[in-house]
Amino acid sequence: MTTLVHATCVALKTSGRTWKAVLLRGPSGAGKSDLAARLIETGARLVADDQTRLARQGRRLIATCPGTLAGLLEVRGVGIVKLGRTQLLPRATVALLVDLVPQQHIERLPEPAREETLGIDLPVLALTPFEASASAKLRLALARIATA
């Protein structure tokens with residue numbers, strides 16, 4: 001079972017040396033690639049930009065990149081950038097869905113949210129991508145999931 005989604009996927013190393021992917025979702029211009037670029041700058045790896053292929057494997061949701069987009073990141077105002085091999089990860093297990101939303105849609109103390117994708121239940125985080133703390137918040141949320 002596979003599907004193609006409009007999302008950017010980056011993988012971050014968790015405390016146990018395992019790469020866990022986050023799916024950055026939002027409409028065009030929402031900040032998916034911008035947040036991905038900031039995360040990659042601090043050690044994350046790009047799985048896919050703008051279009052991500054998802055496949056269910058047992059109880060895991062695996063993200064990969066459609067072949068024509070592999071290694072490419074759209075940087076608004078700069079253009080399409082080809083990343084180096086050390087900045088890429090060809091596949092990763094999705095651990096968190098991140099909806100990129102305007103600041104006024106962020107609750108101060110939100111109730112935990114979850115969503116099913118291809119029959120896999122995953123946590124969902126609403127995040128404002130252009131805040132200076134966005135990448136730190138995402139890393140904190142991912143760490144919380146890893147220890148839960």
Side-chain angles (χ1 to χ4, degrees), residues 1-76 80-102 105-107 109-131 134-148:
M1 193 179 329
T2 66
T3 189
L4 190 64
V5 295
H6 179 214
T8 293
C9 184
V10 293
L12 295 90
K13 199 173 263 190
T14 59
S15 59
R17 289 193 241 170
T18 304
W19 291 97
K20 294 292 182 185
V22 296
L23 217 71
L24 305 174
R25 307 185 300 184
S28 181
K32 297 180 296 294
S33 299
D34 186 275
L35 180 54
R38 285 182 279 139
L39 289 164
I40 292 164
E41 189 69 20
T42 58
R45 303 265 179 98
L46 179 70
V47 177
D49 185 35
D50 199 49
Q51 297 290 316
T52 301
R53 180 172 290 116
L54 299 175
R56 181 181 176 152
Q57 291 185 354
R59 286 190 252 154
R60 299 182 323 157
L61 189 64
I62 304 298
T64 59
C65 185
T68 57
L69 301 175
L72 303 177
L73 180 69
E74 181 183 344
V75 181
R76 195 173 293 263
I80 305 294
V81 176
K82 177 106 174 120
L83 298 181
R85 288 177 44 198
T86 61
Q87 297 171 306
L88 304 173
L89 199 62
R91 59 187 283 123
T93 301
V94 178
L96 177 64
L97 305 175
V98 180
D99 289 326
L100 303 181
V101 299
H105 292 107
I106 303 293
E107 294 180 37
L109 298 170
E111 291 293 322
R114 300 191 71 82
E115 183 178 313
E116 193 173 290
T117 303
L118 293 178
I120 306 293
D121 186 55
L122 294 166
V124 179
L125 172 70
L127 187 68
T128 300
F130 299 113
E131 289 182 329
S135 59
K137 289 177 181 179
L138 192 149
R139 288 177 189 280
L140 288 169
L142 193 58
R144 174 184 270 179
I145 292 163
T147 60

Return all side-chain donor-acceptor pairs below 3.5 angstrom for residues 2-12, not counting sequence neighbours, or 'none' if the list is empty.
unit_1	atom_1	unit_2	atom_2	d
H6	NE2	D50	OD1	2.9
T8	OG1	D49	OD1	2.8
T8	OG1	D50	N	3.0

Residue list, side chain to side chain donor-acceptor pair (under 3.5 Å) with R59, at least two apart or on another chain: none

Could you tell me which residues satisfy side chain to side chain donor-acceptor pair (under 3.5 Å) with R45, sequence neighbours excluded, listed by chain and number? none

Side chain to side chain, [X] and [Y], heavy atoms closer than 4.5 Å:
{"X": "L54", "Y": "I62", "value": "no"}
{"X": "L100", "Y": "L24", "value": "yes"}
{"X": "L35", "Y": "L138", "value": "yes"}
{"X": "V81", "Y": "L72", "value": "no"}

Which side chain to side chain donor-acceptor pair (under 3.5 Å) pairs, counting each pair once, include a residue from residues 62-76, with sequence neighbours left out? none

Does [X] have any side-chain contact (heavy atoms from CB on, under 4.5 Å) partners at least two apart in sequence or in another chain, and if so, which?
{"X": "I120", "result": "R56, L61, L122"}
{"X": "L96", "result": "V22, V98, P123, L125, A141, L142, I145"}
{"X": "A113", "result": "V124"}

Of all heavy-atom pairs linking V47 and A92, the shortest is CG2-CB, 4.1 Å

Give a yes or no on whether E41 atom CD has more than 12 heavy-atom contacts from other residues, nucleotides or ligands under 6.0 Å away. no

What salt bridge (Lys or Arg N to Asp or Glu O under 4.0 Å) pairs are there with at least one residue in residues 86-100, not counting sequence neighbours? R25-D99

Show every salt bridge (Lys or Arg N to Asp or Glu O under 4.0 Å) that has at least one partner inside residues 11-21, sequence neighbours left out. none

Hits for salt bridge (Lys or Arg N to Asp or Glu O under 4.0 Å) against R85, two or more places apart or cross-chain, chain-then-number order -> none

